Amino acid sequence: MYDWLIVGAGFAGSVLAERLANERNERVLLIDRRNHIGGNAYDRYNDDGLLIHQYGPHIFHTNSKQIFDYLSRFTEWRFYEHRVLAEVDGMLVPIPINLDTVNKLYGLNLTSEELQGWFEQRAEKVPEIKTSEDVVVSVVGRELYEKFFRGYTRKQWGLDPSELDKSVTSRVPTRTNRDDRYFGDEFQFMPKYGYTRMFEKMLDNPNIHVMTQTDYEDVKNIVPHKRVIYTGPIDEYFDFRFGKLPYRSLQFKHVTLEQGWYQPVAVVNYPQTQDYTRITEYKHLTGQEHARTALTYEYPSAEGDPYYPIPKPENQELFKKYERLALATPDVWFVGRLATYRYYNMDQIVGQALATFRRINEALPLEDEASPMQVIPSSAALAS
């Protein structure tokens, strides 16, 4: 008899397995339908001995010391500040757009103060910011929107930015200085020995039994367990009763080149050309020294594993129907990106899992075996 059956061995499921096993001394069966732990953050050494991210680049960054300190129990860190270039008009320029981006593209020599005015002259007045197009054109104008955002977004989402919620492009800031870091968070690091090694240490407890290549449907009525933590797609849990929630997927092409380096930064975006959205070169991320270099070409797709919930109002309405079912389902906690149909960064998933553990402790004191239902709704506050 397991105290918990946890579905999904990514960040949400693994953090909760670790907490339940170490803090409550409870027995956990952690399953995943893939053949590995770590979810989309899984990394591995390829046949050439290069450490790559199987599902595209995963860059850890957070402003939460609590989350950083928690993960530091399971890994040492390599300091890394992520920088991205975009190929625009035949040039490689920084993204997010900053002072150097504009000066290089237009052959100008603006100062930060002058760039602010330059943006204001081109910005369009939008009465109410609703869509991803609104976000961009209201700040930098139509021309930069077309160069950097429209084509990239169409490839990434299969939709025009005018059809997508404002949250998609509002994640990317616009700067008037020369700061070329992609993120501005206080803590920017990569696990020194990789994400998979970190997950292995996190799950190293005799109370945790891990089964990969295992589907929830195959074990839910066979393996005795008291409660469930479900981190998979919420619509799948309920047999797609109201229809499938739409997702965008990704396809990856991994290659090794017989040369030391390929590009000047870890990621180069292609908003104007190519079928792929970006190329990642992993040695920038890992710090690995090797005579060869490994790249991943990333192709957005309508088919495949669910990666990105598509942020449109009608999709949120469909999710709310499933959320109401979840709230009425006893002894099951729904946690994570797929279970709450919301795009979260890795640190936010860790924060949500830690917040869920606190709620479990409140709902299920160890001296009290009662087990009321809990669910973390999509709007739940993350750990501070």
Side-chain angles (χ1 to χ4, degrees), residues 1-32 34 36-43 58 60 62 64-77 187 189 191-212 214 216 219 223-232 331-337 339 344 346-376 380-384:
M1 169 66 74
Y2 290 96
D3 296 294
W4 297 89
L5 171 58
I6 300 182
V7 183
F11 269 106
S14 296
V15 167
L16 280 161
E18 184 279 324
R19 293 285 77 195
L20 292 164
N22 284 308
E23 296 298 312
R24 293 173 61 95
N25 196 33
E26 293 182 320
R27 299 188 69 233
V28 176
L29 175 60
L30 176 64
I31 67 171
D32 200 291
R34 287 171 169 167
H36 57 75
I37 60 174
N40 290 341
Y42 169 71
D43 52 18
H58 283 70
F60 183 79
T62 188
S64 170
K65 187 174 186 301
Q66 174 199 3
I67 292 170
F68 181 73
D69 288 347
Y70 170 75
L71 291 178
S72 297
R73 303 177 191 187
F74 314 108
T75 186
E76 298 176 51
W77 298 98
F187 302 96
F189 294 89
K192 187 174 182 179
Y193 303 107
Y195 286 100
T196 301
R197 187 79 64 87
M198 180 180 72
F199 278 100
E200 288 171 350
K201 190 170 182 181
M202 187 183 296
L203 299 174
D204 184 15
N205 185 303
N207 281 336
I208 301 173
H209 181 196
V210 178
M211 292 176 61
T212 57
T214 301
Y216 176 57
V219 299
V223 177
H225 59 278
K226 297 178 182 177
R227 305 173 188 94
V228 172
I229 291 170
Y230 189 82
T231 74
D331 294 328
V332 182
W333 277 252
F334 293 86
V335 190
R337 183 188 296 183
Y344 291 120
M346 291 182 289
D347 66 316
Q348 294 173 313
I349 294 293
V350 174
Q352 191 190 51
L354 294 174
T356 302
F357 179 69
R358 292 196 295 271
R359 289 178 173 86
I360 287 172
N361 277 336
E362 293 168 0
L364 302 172
L366 286 174
E367 66 274 11
D368 180 5
E369 285 301 312
S371 56
M373 182 278 299
Q374 290 287 310
V375 60
I376 303 300
L382 301 173
S384 61

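None of these values were measured; they are calculated from a predicted model. The basis for the numbers below is simple: all heavy atoms, side chains too, and nothing from hydrogens, waters or symmetry mates.
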- [ ] May I ask you to check whether Phe199 and Phe11 place their ring centers less than 6.0 Å from one another?
- [x] yes

Open item on the list: Between Phe60 and Trp77, is the ring centroid distance below 6.0 Å?
Closed with: yes

Rounded to the nearest 0.5 Å, what's the gap from [atom1] on [X] to [atom2] on [Y]? Could you check?
{"X": "Met346", "Y": "Gln348", "atom1": "CE", "atom2": "CD", "value": "10.5 Å"}
{"X": "Asp43", "Y": "Arg197", "atom1": "CG", "atom2": "CZ", "value": "9.5 Å"}
{"X": "Leu29", "Y": "Asn207", "atom1": "CG", "atom2": "CG", "value": "12.5 Å"}
{"X": "Gln352", "Y": "Ile67", "atom1": "CD", "atom2": "CD1", "value": "10.5 Å"}
{"X": "Arg359", "Y": "Leu364", "atom1": "CZ", "atom2": "CG", "value": "13.5 Å"}
{"X": "Thr62", "Y": "Asp347", "atom1": "OG1", "atom2": "CG", "value": "3.5 Å"}

Open item on the list: Closer than 3.5 angstrom, by distance alone: can the side chain of Asp32 be matched with the main-chain N or O of Gly8 as a donor-acceptor pair?
Closed with: no

TODO: Would you confirm whether His225, through its side chain, and Met1, through its main-chain N or O, come within 3.5 Å as a donor-acceptor pair?
DONE: no

Test of understanding: with side chain to side chain donor-acceptor pair (under 3.5 Å), list the residues that count as partners of [X], not counting sequence neighbours.
{"X": "Tyr216", "result": "none"}
{"X": "Thr212", "result": "none"}
{"X": "Thr75", "result": "none"}

On a heavy-atom basis, which atom in [X] and which in [Y] lie closest, and how many Å separate them?
{"X": "Ser14", "Y": "Leu30", "answer": "OG-CD2, 4.1 Å"}
{"X": "Ala353", "Y": "Ala12", "answer": "CB-O, 3.9 Å"}
{"X": "Leu71", "Y": "Met202", "answer": "CD2-CE, 3.9 Å"}
{"X": "Ala17", "Y": "Leu203", "answer": "CB-CD2, 4.0 Å"}
{"X": "Ile37", "Y": "Thr196", "answer": "CD1-O, 4.5 Å"}
{"X": "Arg19", "Y": "Tyr70", "answer": "NE-CE1, 3.7 Å"}

Beyond-backbone contact of [X] with [Y], side-chain heavy atoms, under 4.5 angstrom:
{"X": "Ile229", "Y": "Val335", "result": "yes"}
{"X": "His58", "Y": "Tyr195", "result": "yes"}
{"X": "Glu26", "Y": "Leu366", "result": "yes"}
{"X": "Asp3", "Y": "Val28", "result": "no"}

Open item on the list: Name the residue from Val210, Ile208, Leu20 that meets the side-chain contact (heavy atoms from CB on, under 4.5 Å) definition with Ile6.
Closed with: Leu20

Task: Set of salt bridge (charged side-chain N to carboxylate O under 4.0 Å, His left out) partners for Glu200, sequence neighbours left out - done: none

TODO: List in chain and number order the residues that pass salt bridge (charged side-chain N to carboxylate O under 4.0 Å, His left out) with Arg27, two or more places apart in sequence or in another chain; answer none if no residue qualifies.
DONE: none

Open item on the list: I'd like to check the ring-ring contact (aromatic ring centres under 6.0 Å, His included) partners of Tyr2; sequence neighbours left out, ordered by chain and number.
Closed with: none

Open item on the list: Testing the 3.5 Å rule here: is there a donor-acceptor pair between the side chains of Asn22 and Arg73?
Closed with: no

Task: Residues Asn361 and Arg24: side-chain donor-acceptor under 3.5 angstrom - done: yes

Task: Geometric class of the His36/Tyr42 ring pair [parallel <30°, tilted 30-60°, perpendicular >60°] - done: parallel

- [ ] For the pair Trp4 and Trp333, name the ring-plane relationship: parallel under 30°, tilted 30 to 60°, perpendicular over 60°.
- [x] perpendicular

- [ ] Evaluate the criterion side-chain contact (heavy atoms from CB on, under 4.5 Å) for residue pair Val228 and Asp331; output intermediate values, then yes/no.
- [x] CA-CA 6 Å; Val228 172; Asp331 294 328; over 6 Å; no

TODO: Kindly determine whether Leu5 and Val223 satisfy side-chain contact (heavy atoms from CB on, under 4.5 Å), including the steps that lead there.
DONE: CA-CA 9 Å; Leu5 171 58; Val223 177; 5.7 Å; no

